[in-house]
Amino acid sequence: MVPRTREIVKQNMSAEINFTNLPKQPVPRVVLSPRRILADILSKGWIESAIPFLALFLVIGGILLTTDGYFVPANLRNLAQYAADGGLVVLALLIVVAVGGIDLSVGSNFAMSAFAALFCFHILNLPVPAVLIVSLATGALIGGVNGVLAGLIGCGALLATLGTMITTRGLFTLASQAQLVEISTSARMDDVWDWVGFEKFLSMPIGFWIWLLVAIGVFVMFRQTRLGWHILAVGGNRKAARHGGIQVKTTAFFAYVLAGVIVGLAGFLFAARQNSIGADTGIGLEFFALTALVVGLGGFVPGRGPVVAVMVGFATVYILNNVLINAGFRGDFVQFSLGAIIVAILAIDVKFRKNRHRLLASTYLDPIALKLQDVAGMAGLMPHEMVPRLRKAEILAAGKLDGPEDVLLDAAGNLYCGTRDGCLMRLRAPDYVDVSVFARIGGRPLGLAFDREGRIVACVAGRGLVRVTEEGEVALLTDQTARSLFSIQDDTTIRMADDLDIAPDGIIYFTDATKRYDIGNWGLDLLEGRANGRLLSYDPTSGKTCTICDNLIFPNGVCVTHDGKFLLVASSWACSIMIFDLGDLAAGPSVFLQGLPGYPDNINRASDGGYWIALAGTRNPVIDQAMKYPGLRRRMAKKVPPTNWLFGNLNIGGVLKIDGSGKIVDALWDAPDGPLYMITSMREHEGALYLGGVTNDKIGRLPLDTADRQWNGPASYWEKGQ
């Protein structure tokens, strides 16, 4: 920066902002709406299990009204004692169904594993740990046979496991008949064996705690482990899983083996508790477990692992069956009644699941009345009052870029921008003919900035905040912040990181434009007009991400003022610019500029101490009126695609120039049929303005007659003494 320009900027800055005289920007502390509450509840994953939960609640309520003493501690312990076996088998079936299979042999496997445990304990006199290992190995072996047939070879799971069921049942019958008398007459006693079978911990049977630990383990497996993710991926879409590099057949094999291990554990617990077996051991268990699984899942649904819902389904079926038997009903009547009740539960559940997304779609869009300030400060500067000066802009890299939402230039004049396919592109100075991929980021790169070390920090929609070194290496800085205190929906994930800037102390300030919509349908946020966004900060020193201000109306562009004391933030749908005091962020935003003629996007510094504001489109009187009537917008959204009526003036690209105090001093417009429509960013660099657009395939460069030809952005931030 030449001395004369430095003096002009300092003069401009000295009269820049009188923060105390600016009106406060109202920010709601809580955004509440009945439609939003309903939509947020419907969008939660656990709502799919609402009917099984409701069924269990009704069953418990009915028992409380008709039966005395059923839920006393002694009976609950008794229920828990016998529930562990069936509960473990249901978990085993869940794993198999999640990978896209089925296992009809679990009942036979259960019986064979129990026999193996009793044989090893009473006949071979093995220690209890060895008995457990043999029982688990027996279950794993039978599960492995199923895995080879249904997983590796590719036989149909139904027929393969049916064959395994019949074969295993036959082996069990032969083996148990040969050893039943010897097992029954064995007098062996063992403290560990009795502890597993009969002792209690915290007043509940040991088997119950083992079942609970296995359920937690399966839950964690599906949520946090590679094997669990692969199982769900294979069950959800085998072709996609195969294309993603997952060994589909191997994953299915291990799923069957793991299920067999869990069934083997159930057989061991049964053997320790009963200390005997019969010819009918395990008969019908597969159908009981399948029924519980179907009630919890709402059918056979591969690719899902809702452990809690399945356990609720099991509890419903188990308690119903137990109550009817204890009431003295005949077995055939119990089966009939249980079947009828389950069919009713499933019919309601299937209906609910089928219509849940339809109901969610009809309630999710939640518009609010939004009255915009009339256009102000634009006398003689509107598009119809000026020559479209952007028509004279030189077009760079036409057809070589896909959606350069933000543009950034280093001190040497090399130009960087993100593209729709997740790449960070570099256009080499001075002619910008050499266009190459600088880094592959993933997500959609939006706002860009240089840090003090010359690394690029980028906002990436769908990913968060990333940093790219000079060698093109990408590192994720943050993708989460603290959850909103009164939010039903978990909003810790940064959904649409939009723009950023870096303060002199290195703190990165950036916006999460909307917490409800992603980059693919961000326009619906305009339809709502609600305060769905937030301003965040990231401290590279501590690695901590903070929410500076929540409930903002589509916060977009971010710019630290020339003196480093304030932060300008564009509110696109409110057509205004907010300002934050970096020394007192808790005070919230004030209104820096309002009544803009369009939707402000990125904000960047100018060489004379002022600022450039990109306008993604100009306002339309019809849309301004529609923003006052939420019911109208909701009905229009159902009848007409938003792109057909909401963005009528986005083809008119524009840039505003304001001075340090927020007064609009100039405007640059393109013609309606010009190439630089929907301008979302601009950067001044050495006497020229570079312009990008989120839907463009090019970058514009416009010489500025009065700008400092030695000024550049990185120097204005990080030059010594700045």
Side-chain angles (χ1 to χ4, degrees), residues 41-56 86-104 106 143 146-147 150-151 157-158 161 214-244 246-249 251-259 262-263 286 289-317 342 345-360 489-490 493:
I41 291 175
L42 287 172
S43 63
K44 299 292 285 184
W46 52 260
I47 197 65
E48 288 194 352
S49 305
I51 302 303
F53 272 97
L54 180 60
L56 178 61
L88 287 171
V89 173
V90 171
L91 288 172
L93 271 177
L94 172 62
I95 295 172
V96 172
V97 171
V99 85
I102 192 172
D103 189 355
L104 297 180
V106 289
N146 289 328
L158 185 66
T161 58
V214 172
I216 293 173
V218 175
F219 178 86
V220 172
M221 180 191 73
F222 283 134
R223 291 293 187 93
Q224 303 292 337
T225 69
R226 188 178 299 274
L227 175 60
W229 299 336
H230 286 186
I231 288 174
L232 297 180
V234 171
N237 189 323
R238 288 202 167 206
K239 182 179 290 187
R242 186 177 294 108
H243 290 167
I246 297 174
Q247 299 295 323
V248 173
K249 292 184 177 181
T251 301
F253 171 78
F254 280 116
Y256 277 99
V257 172
L258 179 58
I262 295 175
V263 174
E286 57 274 352
L290 285 170
T291 302
L293 185 73
V294 168
V295 170
L297 283 176
F300 287 103
V301 187
R304 293 181 58 234
V307 173
V308 176
V310 168
M311 289 297 95
V312 168
F314 168 74
T316 303
V317 175
I342 290 170
I345 293 173
L346 286 176
I348 297 172
D349 192 25
V350 169
K351 190 71 174 178
F352 172 75
R353 291 172 188 267
K354 184 180 295 184
N355 290 281
R356 168 182 167 239
H357 293 290
R358 189 177 303 169
L359 181 61
L360 176 60
Q489 193 66 265
D490 186 357
T493 299

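Given the structure is predicted, the values throughout are model-derived calculations rather than measurements.
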To check you understand the geometry: which heavy-atom pair defines the closest contact between Leu293 and Val90, and what is its length? CD1-O, 4.2 Å
Could you grab the distance from atom OG1 of Thr316 to atom CG of Leu56, nearest 0.5 Å is fine? 4.0 Å
Which donor-acceptor pairs under 3.5 Å do the side chains of residues 93-104 make with protein atoms, sequence neighbours left out?
{"from": "Asp103", "atom 1": "OD1", "to": "Ser105", "atom 2": "N", "distance (Å)": "2.8"}
{"from": "Asp103", "atom 1": "OD1", "to": "Ser105", "atom 2": "OG", "distance (Å)": "2.5"}
{"from": "Asp103", "atom 1": "OD1", "to": "Asn146", "atom 2": "ND2", "distance (Å)": "3.4"}

Tell me the closest heavy-atom pair linking Ala150 and Ala157, and the distance in Å. CB-CA, 3.9 Å
With heavy-atom distances below 4.5 Å as the criterion, would you say the side chains of Tyr256 and Thr161 are in contact? yes
Arg242 CZ to Thr251 OG1 distance, which is reported to the nearest 0.5 Å: 10.5 Å
Could you list the donor-acceptor pairs under 3.5 angstrom formed between side-chain atoms of residues 216-235 and any protein atom two or more places apart in sequence or on another chain?
{"from": "Thr225", "atom 1": "OG1", "to": "Met221", "atom 2": "O", "distance (Å)": "2.6"}
{"from": "Thr225", "atom 1": "OG1", "to": "Gly228", "atom 2": "N", "distance (Å)": "3.2"}
{"from": "Trp229", "atom 1": "NE1", "to": "Arg223", "atom 2": "O", "distance (Å)": "3.0"}

Above 12 or not: heavy atoms from other molecules or residues under 6.0 Å from CZ of Phe253? yes
If you look at every heavy atom in Ala92 and Val263, which pair is closest and at what distance? CB-CG2, 3.6 Å
